[in-house]
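As a basis for the values below, the full set of heavy atoms in this structure was taken, side chains included, without hydrogen atoms, waters or symmetry mates.
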Amino acid sequence: MNKKNVAILGATGAVGSRLIKCLEQSNIEVNEIKLLASKRSAGTTLKFNDQDVVVKEATPEEFDGIDLVLASAGGSVSKKFLPEAVKRGAVCVDNTSAFRMEEDVPLVIPEVNPDSLKDHHGIIANPNCSTIQMVLALNPIKEKYGLKQVIVSTYQAASGAGQSAINELKKDSQQYINGEKMDANIFPVKSDKPHYPLAFNLLPQIDVFEEDGYTHEEWKMIHETKKILLNDMNSKDIKVTATCVRVPVEIGHGEAVYFETDNQEPEISDLKNLISQGSGLVLEDDPKKCIYPQPINAAGKNDTFVGRLRKDEENPGNYHMWVVSDNLLKGAALNTVQIAEKLVEMKLV
Ligand code: 25A
Ligand code: L14
């Protein structure tokens with residue numbers, strides 16, 4: 001039978017709600033759908049297609065008979081439940097960072113490295129949202145001209161930190177305008193103090209700090225990029241470095257990507273051609289008409305938008321581009337469902 005029994009873990013979250021929509025729109029034939037969350041959401045009713053589905057509390061037994069799990073309930077929840085689901089015969093696509101760096105866990109962008117799915121052992125990891133949109137735009141350039149170095153600065157939306165983070169940004173914005181003291185309970189790291197307001201502000205910290213002064217978000221961008229493009233998280237073949245900044249935008253990450261090609265110096269028109277032919281990519285680059293990607297336009301769309309392509313005139317072979325995508329769609333739910341579609345297509349589930 002080709003129809004799959006599918007469970008969504010974290011179905012009530014900002015990513016979970018989009019997993020439901022993306023699954024509805026996918027070519028995966030769903031036999032049974034199970035929506036799982038924590039105890040506090042158990043009993044609420046959500047829609048899948050036109051069907052009412054009651055959310056259940058996640059327990060190991062809920063994965064009995066499930067073929068495919070799509071997970072986005074945070075790293076600790078994935079660590080607890082996904083091995084249980086695999087034991088019961090399911091294949092899991094995980095949107096958290098819990099398993100991304102394990103040797104036997106493929107880290108996949110379907111347009112870039114679908115073949116690595118063949119090596120899966122039950123868990124496939126969805127990369128970090130910032131990594132996905134950058135690597136999607138860089139991959140066609142790497143394939144044709146090679147890459148020596150990537151230097152990225154991110155402008156990341158509040159929604160990466162969940163629905164509660166969106167709520168706080170909106171409340172803080174109103175408080176700022178009213179001249180009131182702003183709430184600060186979520187940013188930069190929900191589970192860790194101190195907290196700072198994001199509205200009318202910039203926070204150069206996403207996730208916790210590492211010993212070397214980089215944040216974990218920056219560390220993830222560096223090592224996930226190497227794992228996806230070079231199949232080795234510590235490869236020296238492409239140098240990658242990152243600065244990740246939280247900005248007061250609701251949905252859609254922006255990235256200023258500076259990169260050096262390896263063996264040729266393409267013209268900007270060559271790079272524009274490559275981007276406009278790339279799967280999942282849309283070129284929005286017309287400086288004369290002030291056309292360039294913006295989060296407000298990318299929110300709700302499946303594509304990743306690229307613009308501001310230009311040469312570093314003083315360093316031949318070096319270029320700038322500006323990349324924007326909906327962090328909850330291609331950065332999370334859409335890529336997860338696209339991985340699941342590939343798994344079905346390749347008969348790996
Ligand atoms: O916010 P949480 O706690 O991380 O929860 C996220 C999802 O996981 C479920 C949870 O169910 C929700 O579906 N979950 C949490 N603990 C679980 C457990 N032990 C668990 N499932 C099983 N077992 P829930 O019932 O706890 O959440 C109910 C709804 O409440 C929202 N919410 C939470 N705090 C809120 C709030 N809403 C308003 N104000 C608050 N203070 C919560 O939505 C849910 O709808 P959410 O959007 O905050 O959850 C988003 C989480 O998704 C992860 N995430 C976001 N973007 C990405 C991402 N992960 C990877 N990549 C991304 N790009 C984050 O973990 C984010 O916190
Ligand atoms: O590693 O807070 O997938 O914006 C994605 C969202 C980490 C945190 C990941 C955020 C997360 C991030």
Side-chain angles (χ1 to χ4, degrees), residues 93 100 106-119 124-154 220-242 253-285 293 298 301-310 317-327 329-332 334-339 341-342 345-346:
V93 189
R100 284 179 195 150
L107 183 65
V108 179
I109 305 172
E111 295 91 337
V112 178
N113 60 336
D115 284 343
S116 62
L117 286 172
K118 289 179 194 153
D119 304 324
I124 296 97
N126 191 72
N128 176 279
C129 35
S130 309
T131 308
I132 293 176
Q133 67 182 67
M134 178 177 80
V135 171
L136 191 66
L138 283 173
N139 187 56
I141 300 168
K142 179 215 167 216
E143 291 290 287
K144 183 137 188 205
Y145 302 110
L147 273 182
K148 260 192 195 154
Q149 174 160 233
V150 180
I151 302 172
V152 58
S153 297
T154 70
K220 282 184 284 189
M221 282 198 82
I222 295 165
H223 295 285
E224 290 183 22
T225 297
K226 291 169 189 261
K227 179 164 173 173
I228 297 164
L229 287 178
L230 304 164
N231 208 18
D232 171 4
M233 66 174 278
N234 291 311
S235 173
K236 301 269 183 246
D237 291 353
I238 302 175
K239 291 192 264 182
V240 185
T241 190
H253 293 349
E255 297 180 339
V257 185
Y258 180 80
F259 59 94
E260 183 177 9
T261 52
D262 196 13
N263 39 34
Q264 289 174 63
E265 291 169 21
E267 293 303 321
I268 292 302
S269 55
D270 299 327
L271 295 176
K272 284 186 174 178
N273 276 338
L274 270 185
I275 296 291
S276 50
Q277 287 160 21
S279 173
L281 294 171
V282 171
L283 182 73
E284 271 189 345
D285 196 359
K301 309 242 170 74
N302 287 346
D303 290 312
T304 293
F305 300 87
V306 181
R308 300 294 323 276
L309 267 160
R310 62 209 191 275
N318 286 266
Y319 305 84
H320 293 277
M321 66 179 168
W322 171 244
V323 183
V324 177
S325 193
D326 184 325
N327 53 300
L329 288 176
K330 187 57 185 172
L334 176 67
N335 198 68
T336 296
V337 171
Q338 288 172 329
I339 291 173
E341 284 178 334
K342 270 272 174 263
E345 190 186 305
M346 293 165 80

Cut-off 3.5 Å, no hydrogens considered: what does the side-chain donor-acceptor table look like for residues 270-278, sequence neighbours left out?
residue	atom	partner	partner atom	Å
D270	OD2	E267	N	2.9
S276	OG	K272	O	2.9
S276	OG	N273	O	3.1

Below 3.5 Å, can you tabulate the donor-acceptor pairs from side chains in residues 106-119 to any protein atom, sequence neighbours excluded?
residue	atom	partner	partner atom	Å
E111	OE1	K330	NZ	2.9
E111	OE2	K330	NZ	3.2
N113	OD1	I109	N	2.9
N113	ND2	L107	O	2.8
N113	ND2	S116	OG	3.4
S116	OG	N113	O	2.8

Residues 129-146 side chain polar contacts: donor-acceptor under 3.5 Å, at least two apart:
residue	atom	partner	partner atom	Å
S130	OG	N128	OD1	3.4
S130	OG	Q156	OE1	3.2
S130	OG	Q156	NE2	3.2
S130	OG	E217	OE2	3.4
T131	OG1	E224	OE1	3.3
Q133	NE2	H253	O	3.0
Q133	NE2	V323	O	3.1
K142	NZ	L229	O	3.2

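Counting only heavy atoms from C-beta outward, the side chains of I238 and L230 approach each other to under 4.5 Å.
F259 is linked by a ring-ring contact (aromatic ring centres under 6.0 Å, His included) to Y319, counting only residues two or more places apart in sequence or in another chain. Residues that satisfy the salt bridge (charged side-chain N to carboxylate O under 4.0 Å, His left out) test with E345, not counting sequence neighbours, are K342. A search for side-chain hydrogen bond (donor to acceptor under 3.5 Å, both in side chains) contacts involving S279 returns nothing, not counting sequence neighbours. D232 meets the side-chain contact (heavy atoms from CB on, under 4.5 Å) test with N234, S235; sequence neighbours excluded.
Nearest heavy-atom pair across N126 and G331 is ND2-O, 3.8 Å. The heavy-atom pair separating G307 from P293 by the smallest distance is N-CG, 3.5 Å. Taking each heavy atom of K239 and K226 in turn, the nearest pair found is CA-NZ, 4.4 Å. Residues A125 and I339 come closest through the heavy atom pair O-CD1, 4.2 Å.
For D262, the CG atom is densely surrounded, since the number of other residues' heavy atoms within 6.0 Å is greater than 12.
Atom CD of Q338 and atom CG of L329 lie 10.0 Å apart (nearest 0.5 Å). Atom CD of E284 sits about 11.0 Å away from atom OG1 of T304, to the nearest 0.5 Å. The line from CZ of F305 to CG of L281 is 10.0 Å long, rounded to the nearest 0.5 Å. Put simply, CD on Q149 and CD on E260 are 6.0 Å apart, with the number rounded to the nearest 0.5 Å. Between K220 atom NZ and R100 atom CZ the span is 5.5 Å, to the nearest 0.5 Å. Summarising the geometry, atom CG belonging to L334 is positioned 12.5 Å from atom CG belonging to N327; distances are rounded to the nearest 0.5 Å.
Screening residues 301-310 for salt bridge (charged side-chain N to carboxylate O under 4.0 Å, His left out) gives no qualifying pairs among residues at least two apart or on separate chains.
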With side-chain contact (heavy atoms from CB on, under 4.5 Å) as the test, would you mind laying out the steps for D285 and V306 before giving the verdict?
CA-CA 7 Å; D285 196 359; V306 181; over 6 Å; no
